[in-house]
Amino acid sequence: MPELPEVEAVCRNLRKHAVGATISSLHIERPRITGANVEQALACSSLTKLDSPTISHIDRRGKNILIHLSTSQTIRIHLRMTGNLYVIPDYRFRPAATSAWFEFTDGRALVFQDTRGLGTLTLHSADEIEKLLAKVGPEPLSRQFTAEAFIESAKGVRQPAKIFLMDQRRVAGLGNIYAAEALFAARINPRKPIGDVSRPKLKALHAAILAILHDAVKSAVRAYSAPGAFREGEDFATAVYGREAERCHVCNSVIRRITQGGRSTYYCPRCQR
DNA sequence: TCGATCCTGTAG
DNA sequence: CTACAGGATCGA
């Protein structure tokens, strides 16, 4: 489910429903999500034994969700492939495949639901969190993500364009879908080393990233505000992703699927030379 | 840079 | 049954 737009939607939802809540207990249902780190698991389980932390604010860095507590500790949650995070009105009605959940003092619960269980939940001090996120690249929807900075970051880099976009140290938050969509919009071959892409095309790519993410955030927020759980976005129309063997809307060529870095890449062989 | 790995569900 | 899934990390 989640790339930057979906994680952003999750965060906005949490800001509405979880900020200000007091946590009475934290339950780790799948110990592995803390990284098989015994210390971490213990710290998490003892989190609420001593004090009753309240959720002070929520941040997002790339695909990382940061839940800041009144204790000055921060919970970092990464949804990976199938995670979701939301508040339910009654802790007793937790969904299946709950990896972890926080009980609030008012009876509600913050649920970390994750079918595949690949998502992670870890507890950090302010210092730790800063160190941890130092490697994460610029936020594509922030002011510092300028076309010039983006072009500069691509200079001399031999990584294929698609791999570059998905590298969280280069740009924070892009994943398999929106990387492919941005490359299509900018008419760039996903295999081409990013350092070999022309300046105008890099500029187009930068613009495409912004446009696509803005659009996708809108869709994701809409999907999330529907009652119940997240509705997976049929409302974000993809031009190439998941459309192998279908026709390109622009040139009518057959969309291809190739493998890069162990993931599927979809592209139009004619539009994206 | 490739492949395996962590998991479970679903489509073919 | 196999392949694949909107992610990230690790070792060869």
Side-chain angles (χ1 to χ4, degrees), chain A residues 1-11 28-37 40-41 60-65 76-85 95-100 112-122 132-137 140 157-184 190-195 209 212-213 215-221 223-224 229-246 255-267:
Chain A
M1 167 202 129
E3 294 184 32
L4 183 149
E6 295 76 23
V7 177
E8 177 63 24
V10 165
C11 285
I28 307 286
E29 305 286 7
R30 299 177 91 138
R32 190 169 258 112
I33 68 173
T34 59
N37 179 337
Q40 267 290 342
R60 178 187 60 73
R61 270 293 278 136
K63 298 171 196 165
N64 296 279
I65 298 166
R76 170 194 174 235
I77 289 178
H78 197 300
L79 302 175
R80 293 286 175 96
M81 300 281 264
T82 52
N84 198 359
L85 188 66
T98 295
S99 279
F112 180 13
Q113 181 187 17
D114 187 1
T115 320
R116 288 173 71 177
L118 301 177
T120 59
L121 183 158
T122 47
L132 204 71
L133 298 175
K135 294 176 183 156
V136 179
V157 176
R158 304 305 301 164
Q159 263 175 323
K162 165 80 166 354
I163 303 288
F164 178 88
L165 290 184
M166 290 187 63
D167 185 339
Q168 300 300 300
R169 293 167 304 186
R170 309 288 194 183
V171 185
L174 281 179
N176 210 25
I177 294 181
Y178 302 120
E181 294 298 314
L183 288 169
F184 173 77
R191 293 179 141 122
K192 185 156 182 157
I194 194 77
I209 290 170
I212 284 167
L213 288 182
D215 194 23
V217 166
K218 257 189 238 168
S219 300
V221 167
Y224 218 105
F230 198 91
R231 227 190 112 47
E232 246 171 76
E234 286 124 32
D235 47 19
F236 183 88
T238 59
V240 285
Y241 182 85
R243 300 192 59 240
E244 183 184 18
E246 292 176 42
I255 304 294
R256 284 202 191 139
R257 180 170 73 84
I258 59 172
T259 299
Q260 290 182 290
R263 316 285 306 277
S264 289
T265 298
Y266 299 86
Y267 74 108

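Every chain is numbered from 1, with letters handed out A, B, ... down the list of sequences. What's counted below: heavy atoms across the whole structure, side chains too, no hydrogens, waters or symmetry copies.
Side-chain N/O atoms of A/Asn176 and A/Tyr266 include no donor and acceptor closer than 3.5 Å. Judged purely by distance below 3.5 Å, without hydrogens or angles, the side chains of A/Thr82 and A/Arg116 never pair a donor atom with an acceptor atom. Judged purely by distance below 3.5 Å, without hydrogens or angles, the side chains of A/Ser99 and A/Glu29 never pair a donor atom with an acceptor atom.
Taking each heavy atom of A/Leu174 and A/Lys63 in turn, the nearest pair found is O-NZ, 3.1 Å. In plain terms, the two heavy atoms of A/Pro2 and A/Val7 that are nearest each other are CB-CG2, 3.7 Å. Nearest heavy atom pair, residue A/Ile255 against residue A/Ala239, reads CD1-O, 4.4 Å.
Residue A/Gln113 contributes atom CD, which lies 14 Å from atom P of B/dT8 at whole-angstrom precision. For the pair A/Leu79 CG and B/dC6 C1', the interatomic distance rounds to 16 Å; values are reported in whole Å.
When side chains are defined from C-beta on, A/Leu79 counts as touching A/Phe112, because their heavy atoms get closer than 4.5 Å.
Residue contacts shown for A/Thr120 are absent, as no nucleic acid heavy atom lies under 4.0 Å away.
Nearest to the side-chain atoms of A/Pro160 among the listed nucleotides C/dC4, B/dT8, B/dT1 stands B/dT1. Closest to the A/Arg257 side chain, of the nucleotides B/dT8, C/dC4, B/dT1, is C/dC4.
For B/dC6 and C/dC1, the C1' atoms lie 23 Å apart once the distance is rounded to whole Å. Only the P atoms considered, C/dA3 is 14 Å distant from B/dG3, to the nearest whole Å.
Counted within 6.0 Å of CZ on A/Arg256, heavy atoms from surrounding residues, nucleotides or ligands total 12 or fewer; the atom is thus considered open.
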Secondary structure of DNA chain B in dot-bracket form (Watson-Crick or G-U wobble, distances below 3.5 Å, | marking inter-strand pairs)
||||||.|||||

N/O contacts under 3.5 Å, protein versus nucleotides 7-9 of chain C?
from	atom 1	to	atom 2	distance (Å)
C/dG7	OP1	A/Lys63	NZ	2.8
C/dG7	OP2	A/Asn176	N	3.2
C/dG7	OP2	A/Arg263	NH1	3.1
C/dG7	OP2	A/Arg263	NH2	2.5
C/dG7	N2	A/Arg80	NH1	2.7
C/dA8	OP1	A/His78	NE2	3.0
C/dA8	OP2	A/Lys63	NZ	2.8

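When each of A/Arg257, A/Arg191, A/Lys162 is checked for a side chain to side chain contact (heavy atoms under 4.5 Å, CB included) with A/Thr265, only A/Lys162 meets the rule.
At the phosphate of C/dC4, neither OP1 nor OP2 sits under 4.0 Å from any side-chain N or O atom of A/Tyr266. Distances shown here put every side-chain N or O of A/Thr82 at or beyond 4.0 Å from the OP1 or OP2 atom of B/dT8.
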